[in-house]
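Below is one structure, written out as structure tokens; comments come after it.
Both ligands and their constituent atoms are indexed starting at 1 by order of listing. Note: hydrogens, waters and symmetry copies are ignored here, and every other heavy atom, side chains too, is used.
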Amino acid sequence: KKRVLSGIQPSGLMTIGNYIGAIRQFVDMQHEYDSYFMVVDMHAITVPQDPEKLREQTESLAAVYLACGIDPEKATLFLQSQVPAHAMLGWMMTTLTYMGELERMTQFKDKSAGKESIGTGLFVYPSLMAADILLYDSDLVPVGDDQTQHLELTRDLANRFNGRFGDTFVVPEGHYTEVGARIMSLLDGTKKMSKSDPNPGAFISLLDEPDVIRKKFSRATTDSGREIVFDRANKPEVSNLLEIYSVFSGKTIKELEKQYEGQGYGAFKKELAEAVVEVLEPIQTRYRDIRASGELQTMLKRGAEKASAVADATLRRAMERMGFVLP
Ligand code: AQP
């Protein structure tokens with residue numbers, strides 16, 4: 001069986017961007033692949049986090065994974081920080097990464113822009129991400145297309161390590177969705193939807209109440225036209241809403257264009273909101289049940305044990321190749 005690995009940061013509540021670009025694929029892939037999914041809490045601390053909030057968001061994200069359909073009997077779900085091999089291999093990968101490679105990363109440029117003090121963790125984040133992936137000999141990494149550059153670096157580092165120290169790591173491939181690999185902010189069609197956006201109107205969280213979802217869509221930016229057609233260059237906002245609608249309704253974009261021919265934005269946005277609410281309501285009910293069950297901690301501990309067994313073996317192999325004296 002091929003192996004799949006991916007992660008999401010607990011840097012806020014999961015958005016429909018993360019759902020469409022990432023978790024929706026995880027849920028499908030767990031049936032076919034040996035799957036490892038994690039909450040990457042060590043990545044979240046590359047920007048300042050309040051400890052209590054981080055803890056809550058980490059548990060909440062793990063519960064959201066389950067509520068969306070990740071089955072702990074099928075996939076291994078765990079917290080990155082509970083598998084210390086990530087930190088060790090992360091450091092080893094950092095020593096193989098060139099400054100120039102990290103300086104080119106657009107995510108670093110975006111997240112550091114205009115900030116006075118920038119932690120070095122934000123800069124070396126892609127080296128840790130490479131370690132996350134390589135530890136599991138992952139064949140496929142399902143991600144949104146904002147991660148293309150990081151994944152390319154992971155492949156370069158795997159090849160670099162293999163070239164220098166002998167065949168050690170599997171060189172992974174990215175796995176992207178056809179529709180919705182990059183969902184944009186509801187308020188700015190040129191900006192990616194992000195869970196850490198300071199304006200909550202820019203994103204729909206998976207845990208937003210139905211009325212909040214309706215309000216956010218009704219306030220979403222559109223354009224001064226009235227045609228509901230997919231045209232990313234000239235109508236980025238409407239195109240983004242069409243992508244979201246397509247994923248949540250199961251209809252193709254063509255079908256939706258036809259359905260809304262000659263209609264204005266008002267009805268379109270209203271019905272889009274209902275399609276999203278319909279999918280998210282049952283997820284929210286399951287989420288509340290999981291949080292109330294008190295079983296999350298035990299399940300995550302079991303996940304970390306399973307993940308450690310794989311990660312520790314890879315780490316040992318890599319340490320040995322690199323010249324460490326093993327106990
Ligand atoms: N807008 C998006 N559209 C499609 N996919 C997306 N992803 C993120 N945003 C979108 C995918 O979700 C996965 C988890 O992302 P992450 O939490 O590791 O970090 P991120 O890419 O930086 O996501 P956010 O929501 O923007 O988080 P913050 O605000 O903390 O930076 C990844 O597979 C990502 O591609």
Side-chain angles (χ1 to χ4, degrees), residues 4-29 35-50 53-54 57-58 60-62 64-65 68 70 79-80 86 105-113 115 119 121-122 125-126 128-130 132-133 138 140-154 172-200 202-207 220 232 236-237 239-244 246-248:
V4 158
L5 169 127
S6 200
I8 302 181
Q9 293 187 63
S11 44
L13 292 169
M14 195 186 305
T15 70
I16 56 170
N18 304 129
Y19 176 83
I20 296 173
I23 203 154
R24 180 172 63 109
Q25 309 189 69
F26 305 173
V27 172
D28 288 342
M29 291 174 101
S35 305
Y36 290 79
F37 300 120
M38 55 183 177
V39 177
V40 286
D41 44 5
M42 289 159 66
H43 285 282
I45 59 166
T46 56
V47 297
Q49 301 288 350
D50 170 74
K53 230 167 130 185
L54 179 63
Q57 284 172 183
T58 300
S60 157
L61 180 53
V64 167
Y65 263 108
C68 286
I70 294 298
L79 308 183
Q80 183 189 26
H86 288 260
M105 294 296 167
T106 54
Q107 186 178 79
F108 174 72
K109 289 189 215 164
D110 290 348
K111 287 197 176 179
S112 59
K115 300 246 162 65
L122 192 63
Y125 171 125
L128 177 59
M129 175 166 157
D132 298 337
I133 295 167
S138 317
L140 283 177
V141 186
V143 282
D145 78 3
D146 59 314
Q147 295 299 327
T148 317
Q149 235 188 347
H150 293 163
L151 209 69
E152 213 31 62
L153 178 72
T154 303
E173 307 265 354
H175 184 278
Y176 306 91
T177 62
E178 266 168 48
V179 175
R182 185 183 294 250
I183 296 299
M184 309 310 274
S185 155
L186 295 184
L187 301 177
D188 178 351
T190 64
K191 227 173 98 188
K192 183 179 88 108
M193 182 181 287
S194 268
K195 61 176 112 61
S196 62
D197 197 307
N199 187 343
F203 58 80
I204 306 276
S205 147
L206 294 201
L207 300 178
R232 209 191 286 281
E237 293 87 3
S239 303
N240 187 46
L241 295 179
L242 274 167
E243 282 202 297
I244 297 172
S246 169
V247 169
F248 281 91

State, yes or no, whether a side-chain contact exists between [X] and [Y] at a heavy-atom distance under 4.5 Å.
X: Met184; Y: Pro236; result: no
X: Ile70; Y: Val27; result: yes
X: Leu5; Y: Met38; result: yes
X: Ser194; Y: Phe203; result: no
X: Ser11; Y: Lys195; result: yes
X: Met42; Y: Asp132; result: no
X: Asp41; Y: Leu61; result: no

Point to revise | Nearest-0.5 Å distance, CG of residue Leu187 to CD of residue Glu237 | key: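 Leu187 CG to Glu237 CD: 10.0 Å, rounded to 0.5 Å.
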Practice item. Mind checking the CZ-OG spacing from Phe26 to Ser35? Nearest 0.5 Å is all I need. Key: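 It is 9.5 Å, given to the nearest 0.5 Å.
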Just let me know how [X] lines up against ligand 1, side chain, backbone, both or neither, with a heavy-atom cut-off below 4.0 Å.
X: Arg182; result: backbone
X: Val143; result: both
X: Ser6; result: neither
X: Lys111; result: side chain
X: Ser194; result: both

Please report the closest heavy-atom contact between [X] and [Y], naming both atoms and the distance.
X: Ala22; Y: Ile8; result: CB-CD1, 4.4 Å
X: Val143; Y: Tyr176; result: O-CD2, 3.3 Å
X: Met105; Y: Gln149; result: CA-OE1, 3.5 Å
X: Leu128; Y: His86; result: CD1-O, 3.4 Å

Using a 4.0 Å cut-off to any heavy atom of [X], which atoms of ligand 1 qualify?
X: Gly7; answer: 14 (C)
X: Ala22; answer: 12 (O), 13 (C), 33 (O)
X: Gly180; answer: 4 (C)
X: Gln107; answer: 22 (O)
X: Ala181; answer: 3 (N), 4 (C), 5 (N)

Of the protein's non-hydrogen atoms, which lies at the shortest distance from [atom], and what is that distance?
atom: atom 17 (O) of ligand 1; answer: Lys195 NZ, 2.4 Å
atom: atom 8 (C) of ligand 1; answer: Asn18 ND2, 3.1 Å
atom: atom 28 (P) of ligand 1; answer: Ser196 OG, 3.4 Å
atom: atom 6 (C) of ligand 1; answer: Gly17 O, 3.5 Å
atom: atom 19 (O) of ligand 1; answer: Gln9 NE2, 3.2 Å
atom: atom 30 (O) of ligand 1; answer: Ser11 OG, 2.4 Å

Just going by heavy-atom distances, which of [options] is nearest to [atom]?
atom: atom 34 (C) of ligand 1; options: Ile8, Asn240, Thr148, Asp146; value: Asp146
atom: atom 24 (P) of ligand 1; options: Lys192, Glu243, Gln25, Arg24; value: Lys192
atom: atom 32 (C) of ligand 1; options: Gln147, Met129, Lys191; value: Gln147

Point to revise | Ala44 touching ligand 1 at heavy-atom level, < 4.0 angstrom | key: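 Judged by the 4.0 Å heavy-atom criterion, Ala44 does not count as contacting ligand 1.
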**Study point:** Close approach, Ile20 and ligand 1, non-hydrogen under 4.0 angstrom
**Key:** no
Contact check: [X] vs ligand 1, nitrogen or oxygen atoms, below 3.5 angstrom:
X: Ile183; value: yes
X: Tyr125; value: no
X: Met184; value: no
X: Thr15; value: no
X: Asp197; value: no

Review point. Ignoring hydrogens and geometry, is there a side-chain-to-backbone donor-acceptor pair from Thr58 to Pro10 under 3.5 Å?
Key: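 Not confirmed, Thr58 side chain does not pair with Pro10 backbone.
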Check your understanding: Is the shortest side-chain N to carboxylate O distance from Lys192 to Asp110 below 4.0 Å?
Key -> no
